[in-house]
Structure formats: C-alpha cells, structure tokens
There are 2 protein chains.
Amino acid sequence: MPKQKQQKKPPVTPSPERREELLRIAADVFAEQGYNATTVRKIADAAGMLAGSLYYHFDSKESMLEEILRTFLTELWDGYDSVLSAPLGPRETLEALVTESFREIDRHRSAVAIYQKESKHLVSQTRFEYLVESQQRFEKAWLTTLERGVTDGVFRADLDIRLAYRFVRDTVWVAASWYRPGGGHSPEEIARQYLSMVLDGIAVRT
Amino acid sequence: MPKQKQQKKPPVTPSPERREELLRIAADVFAEQGYNATTVRKIADAAGMLAGSLYYHFDSKESMLEEILRTFLTELWDGYDSVLSAPLGPRETLEALVTESFREIDRHRSAVAIYQKESKHLVSQTRFEYLVESQQRFEKAWLTTLERGVTDGVFRADLDIRLAYRFVRDTVWVAASWYRPGGGHSPEEIARQYLSMVLDGIAVRT
DNA sequence: CATCTTCCCTAACAAGTGTTTGGTAGATTA
DNA sequence: TAATCTACCAAACACTTGTTAGGGAAGATG
C-alpha cells in the first residue's frame with residue numbers, strides 16, 4: 001500500500017450501473033485469486049481497461065472490497081430478517097435459513113467466497129467493523145433457533161450447542177467454494193439434500 | 001516477485017532443527033495473515049531475525065510454503081493409509097477417517113488452514129501438482145467408503161453421493177478455522193460429536 | 001456552434017516486494 | 001593458534017504495488 005492521503009470522493013459522478021458491473025468483475029477476480037493476490041491491474045484487465053481508470057469509479061482497491069461485502073451482507077440480512085420475523089417453529093426456521101443461505105450463495109457466489117477467505121483478517125480494521133456486527137447477529141440468530149429447537153424437543157439435547165452451530169454454519173457456507181450456478185442443482189435442491197443430512201444424518205436408521 | 005534466476009541449493013548446510021522451527025513460525029503467520037499478505041519481513045520479525053537471513057535456510061518464500069504443505073500431507077497420508085488398509089466396515093472406516101482428520105487438525109492446525117485457503121490457486125502451478133494428486137486420492141478414498149456403506153446398507157441410499165462426500169469433507173476440515181488446541185475439547189471428543197451429527201443428524205428421531 | 005460531462009488513457013510516483021551479495025561474530029575443529 | 005563452519009546482519013537490487021495527475025475522445029446539452 002504505497003500512498004494514502006485524504007479520502008474525499010471525486011467531484012465527478014460515475015454511473016451506478018458501470019460501478020456495479022465493475023464490482024461484479026472485481027468480485028470474481030477476488031474470489032478466484034484472493035484479495036491480496038489480486039492486483040488492480042488484473043481487475044482492469046478483466047474489465048478491458050487500464051489500472052488507473054478504475055480510480056474514476058472507486059477511491060481505492062479496498063473500497064471495492066468493502067462495497068462488495070457490504071452489498072452482499074445487506075441483501076443477506078434482508079432475506080434472513082424476513083425469515084426470522086415469520087412465525088415459524090425452530091425446525092422450520094432452520095430449514096428456511098439454510099434454504100435462504102443457499103439462495104444467497106447462488107446470487108452472490110463470489111462475495112461469499114471472498115467473505116470466507118478474507119473476513120478473518122479484515123475484522124481488525126475499523127473500516128470493516130460491520131463484519132463483526134453481522135457475525136454476531138448471525139451467531140445469535142442461529143444459536144437462538146437451535147436452543148429453541150432443543151427446548152421444544154425437536155433437536156437433540158445431548159449435543160454441544162455451539163459445536164452444532166459451527167457445524168451447521170460451516171456446512172452451509174463452504175458450499176460456496178465448489179458451487180457453480182447452473183450446475184444441475186438448484187439452490188433449493190441442494191438445500192433440501194443438505195437439510196436431509198444435517199437433520200437426519202447419513203446413516204440408515206436402525 | 002522481483003527476480004527469479006536459477007534454483008540451485010546453497011552449498012551450506014543449515015540444521016534441520018532450525019529449519020523446522022522457522023517453518024513452524026512461518027506456518028503460523030501464513031495461516032493468520034494469508035500467504036500473499038505475509039511478507040518475508042513479517043516472518044523474519046516473528047523469528048527474531050532479518051528478512052535476508054531466511055535465505056540462508058530456504059530458497060524462497062514459495063519453498064517454505066511447499067515444504068509446509070508437503071510435510072502436512074505426508075503425515076496425513078501416513079494416518080489415512082493405515083486406516084484404509086485396516087479391515088474395517090464402511091461405517092468404522094468413516095469414523096476412523098474423521099477421527100484421524102481431527103487429530104491432524106490438532107497437530108497441523110496452521111498447515112490445514114493454509115491448505116484450505118491457498119490450495120485452490122496453487123494447483124495450477126506445476127510445483128504444487130502433488131496437491132492435485134493428493135486431492136484425487138482423498139476423494140477416491142471417501143467416495144469408495146461412502147459407496148461401500150450404501151451397498152452394505154449402513155448409509156442412506158437416497159442421497160447424492162458426491163454431495164454427501166463434500167458435506168463430510170468440508171464439515172471436517174473447516175473446523176481448522178476455529179479449532180484451537182487445548183480449548184477444552186480433545187480432537188477425539190470433537191470427532192465423536194461431529195460423527196454423531198453427521199451420522200444421526202441433529203433432529204430428534206420420531 | 002461551443003461547453004460540459006462522462007469515461008477512459010498515458011505516464012509517472014513512492015512505498016513495498018522477494019531476493020542477492022558480501023561480510024562477520026562466535027563456536028567448532030585441526 | 002589458525003582454519004573452518006554455522007547462522008546471522010547490513011545494504012542494496014530489480015521489480016511490483018496501489019495510486020495520482022493531466023489530458024483527450026465521444027457524446028449530451030446549451
């Protein structure tokens with residue numbers, strides 16, 4: 001990171017559509033090569049322009065990353081909140097959350113991959129504090145649902161609830177690393193299969 | 001990557017013990033900050049020396065990464081091979097593989113974390129071709145075990161076997177991202193709980 | 001027509017990158 | 001004691017990095 005001066009926005013007004021398009025391209029490169037391994041020149045290449053031209057649209061490389069992750073999380077919580085505010089039982093809530101997660105993976109595959117790889121190093125920067133907040137809401141939503149399920153007798157009571165949380169969480173989100181849209185499985189179909197395994201296990205019932 | 005000339009080893013002979021120690025340190029930094037974000041100066045700092053001094057022990061930064069991953073995979077396959085060659089039923093094989101995996105996470109936490117984050121970009125380089133080979137053996141071992149289980153009637157036949165494979169695989173290895181040795185749970189204890197969830201699910205049986 | 005706006009290019013910058021070269025303090029060996 | 005070896009330092013190297021400044025082509029607007 002060579003320089004860093006003030007961070008005032010340029011007086012010019014780039015079109016939001018072009019911004020979105022460039023962010024989509026940048027997200028794909030970030031996801032494939034990793035944020036740090038991705039140079040602005042690679043992004044510019046993929047967009048068919050030169051490195052400096054990106055700075056007509058964005059303040060910095062880091063701003064692109066932030067906008068990608070923030071857009072994703074905003075949309076994610078739109079979906080989650082509507083699920084969580086619905087009058088569902090714990091099992092139905094879990095099913096809806098998992099399904100919604102796979103839909104988000106389908107829509108924001110690259111952003112999810114970036115989030116998983118980079119969020120851990122980013123949370124220490126004040127600029128990315130919203131990642132921590134989101135993560136806490138996320139954990140609370142899942143833990144509450146699991147606890148509710150145990151209380152209601154629909155989830156097993158003999159499990160470490162925090163371990164179960166991480167189990168479900170990781171199970172769902174790592175799918176972004178191999179999932180490819182249009183690969184025969186719809187998000188709903190994958191969600192169904194995953195839920196079948198998470199809820200009932202892969203062993204035959206005896 | 002500024003220069004790159006011949007790759008002949010130095011005529012000097014550094015002690016293997018010191019090499020191992022430095023690799024342990026490097027692995028920790030790689031795992032925490034990511035390979036690309038880790039500069040050789042950071043590694044040297046953590047080791048209490050200067051950047052150039054590392055080159056007395058290693059050819060390059062990439063050599064360190066390769067040796068870390070290769071050491072890990074070698075030991076991993078030592079464990080896996082002894083499990084796979086044992087006369088076990090499919091369920092017992094799966095249990096043993098999962099347990100062995102958590103033991104490896106316990107022993108090579110940093111290497112596992114590095115492997116998960118970086119292997120995807122590395123496989124395209126000829127230097128890291130052994131990663132692909134390992135991954136193929138890995139997939140074959142797991143798929144065979146799962147198929148054997150379906151044939152024997154101990155695993156459910158109504159599941160997409162490749163989805164189940166990724167499910168089990170990811171479930172196990174992402175644990176390296178949060179697992180901390182000496183954190184109350186032994187590898188065997190975590191394996192037991194994970195197996196309970198993977199095999200029987202988290203829902204109460206009705 | 002002239003002016004402005006949008007969007008990109010050219011060309012450079014300063015800081016940071018992995019790596020090399022030559023040297024040297026201290027222990028080990030002859 | 002002298003020679004050798006081990007493990008490091010000091011200082012530079014060629015190159016890459018994110019970023020900036022100034023300019024210009026094409027279209028929209030007056």
Side-chain angles (χ1 to χ4, degrees), chain A residues 1-26 29-30 33-68 118 121-122 125 127-128, chain B residues 1-26 29-30 33-68 118 121-122 125 127-128:
Chain A
M1 290 132 262
K3 294 181 187 176
Q4 53 168 350
K5 287 189 167 184
Q6 81 299 3
Q7 54 159 346
K8 67 179 167 193
K9 293 196 174 176
V12 293
T13 49
S15 88
E17 291 80 14
R18 185 61 172 144
R19 279 177 66 93
E20 274 181 44
E21 193 181 350
L22 290 173
L23 284 179
R24 251 199 28 248
I25 295 173
V29 186
F30 283 154
Q33 321 223 6
Y35 174 72
N36 282 290
T38 300
T39 71
V40 293
R41 276 164 248 267
K42 281 182 190 167
I43 301 175
D45 269 9
M49 55 199 255
L50 290 179
S53 307
L54 286 172
Y55 290 79
Y56 171 71
H57 299 276
F58 307 99
D59 292 345
S60 65
K61 180 188 171 189
E62 210 180 58
S63 294
M64 299 190 215
L65 177 62
E66 197 204 300
E67 194 162 336
I68 290 168
E118 316 290 347
H121 341 143
L122 296 176
Q125 299 173 239
R127 177 169 207 175
F128 291 96
Chain B
M1 291 132 262
K3 295 182 185 175
Q4 54 165 347
K5 288 189 166 184
Q6 81 298 2
Q7 55 157 346
K8 65 178 167 194
K9 294 196 175 175
V12 291
T13 49
S15 88
E17 292 81 14
R18 184 63 171 144
R19 278 177 66 94
E20 273 182 44
E21 193 182 350
L22 290 174
L23 283 179
R24 252 198 27 248
I25 295 173
V29 186
F30 283 154
Q33 321 224 5
Y35 174 73
N36 282 289
T38 300
T39 70
V40 293
R41 277 164 248 267
K42 282 182 190 168
I43 301 174
D45 270 7
M49 55 199 252
L50 290 179
S53 307
L54 286 172
Y55 290 79
Y56 171 71
H57 299 275
F58 307 99
D59 292 346
S60 65
K61 180 188 171 188
E62 209 180 59
S63 293
M64 298 189 216
L65 177 62
E66 197 204 300
E67 195 162 335
I68 289 168
E118 316 290 346
H121 343 144
L122 296 176
Q125 299 173 238
R127 176 170 207 174
F128 291 96

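The chains referred to below are lettered A, B, ... by the order of the sequence lines, with proteins before strands, and numbering in each begins at 1. Predicted model only: the values in this text are computed from it and were never measured.
Here A:His57 does not reach the OP1 or OP2 of C:dT6: none of its side-chain N or O atoms lies under 4.0 Å away. OP1 or OP2 of D:dT19 sits under 4.0 Å from a side-chain N or O of A:Tyr55. At the phosphate of D:dT6, neither OP1 nor OP2 sits under 4.0 Å from any side-chain N or O atom of B:Ser15.
If you take CG of B:Leu54 and C1' of D:dA10, they are 15 Å apart, rounded to a whole angstrom. One atom, CD of B:Gln33, and another, P of C:dT17, lie 11 Å apart when rounded to the nearest Å. With rounding to whole Å, A:Arg19 atom CZ is found 11 Å from C:dC7 atom P. B:Tyr56 places its OH atom 17 Å from the P atom of C:dT21, with the value rounded to the nearest Å. Separating the CG atom of B:Asp45 from the P atom of C:dT17 is a distance of 11 Å, rounded to the nearest angstrom. In this structure, A:Leu22 atom CG and C:dC8 atom C1' are separated by 11 Å, rounded to whole Å. For the pair A:Glu21 CD and C:dC7 C1', the interatomic distance rounds to 13 Å; values are reported in whole Å. When rounded to the nearest whole Å, the span between NZ of A:Lys61 and P of D:dT16 equals 16 Å.
The ring-ring contact (aromatic ring centres under 6.0 Å, His included) test applied to A:Phe128 returns no partner, not counting sequence neighbours. Listed by chain and number, the residues in a side chain to side chain donor-acceptor pair (under 3.5 Å) with A:Ser63 are A:Ser60, A:Arg127 (sequence neighbours excluded). Every residue was checked against the side chain to side chain donor-acceptor pair (under 3.5 Å) condition with B:Arg24, not counting sequence neighbours, and none meets it. Contacts of B:Arg41 classified as side chain to side chain donor-acceptor pair (under 3.5 Å), with partners at least two apart in sequence or in another chain: none. Checked against side chain to side chain contact (heavy atoms under 4.5 Å, CB included), B:Glu20 has no partners two or more places apart in sequence or in another chain.
Across all strands shown, A:Ser63 has no heavy atoms under 4.0 Å from either base or sugar-phosphate atoms.
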Protein-nucleic acid N or O pairs under 3.5 Å, nucleotides 9-11 of chain C:
residue, atom, partner, partner atom, Å
C:dC9, OP2, A:Leu50, N, 2.7
C:dC9, OP2, A:Ser53, OG, 2.7

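When each of B:Arg18 and B:Arg41 is assigned the nucleotide of DNA chain D bearing its nearest heavy atom, the one mapping closer to the 5' terminus is B:Arg18.
Counting heavy atoms from C-beta outward, A:Glu118 and A:Asn36 have side chains that approach closer than 4.5 Å.
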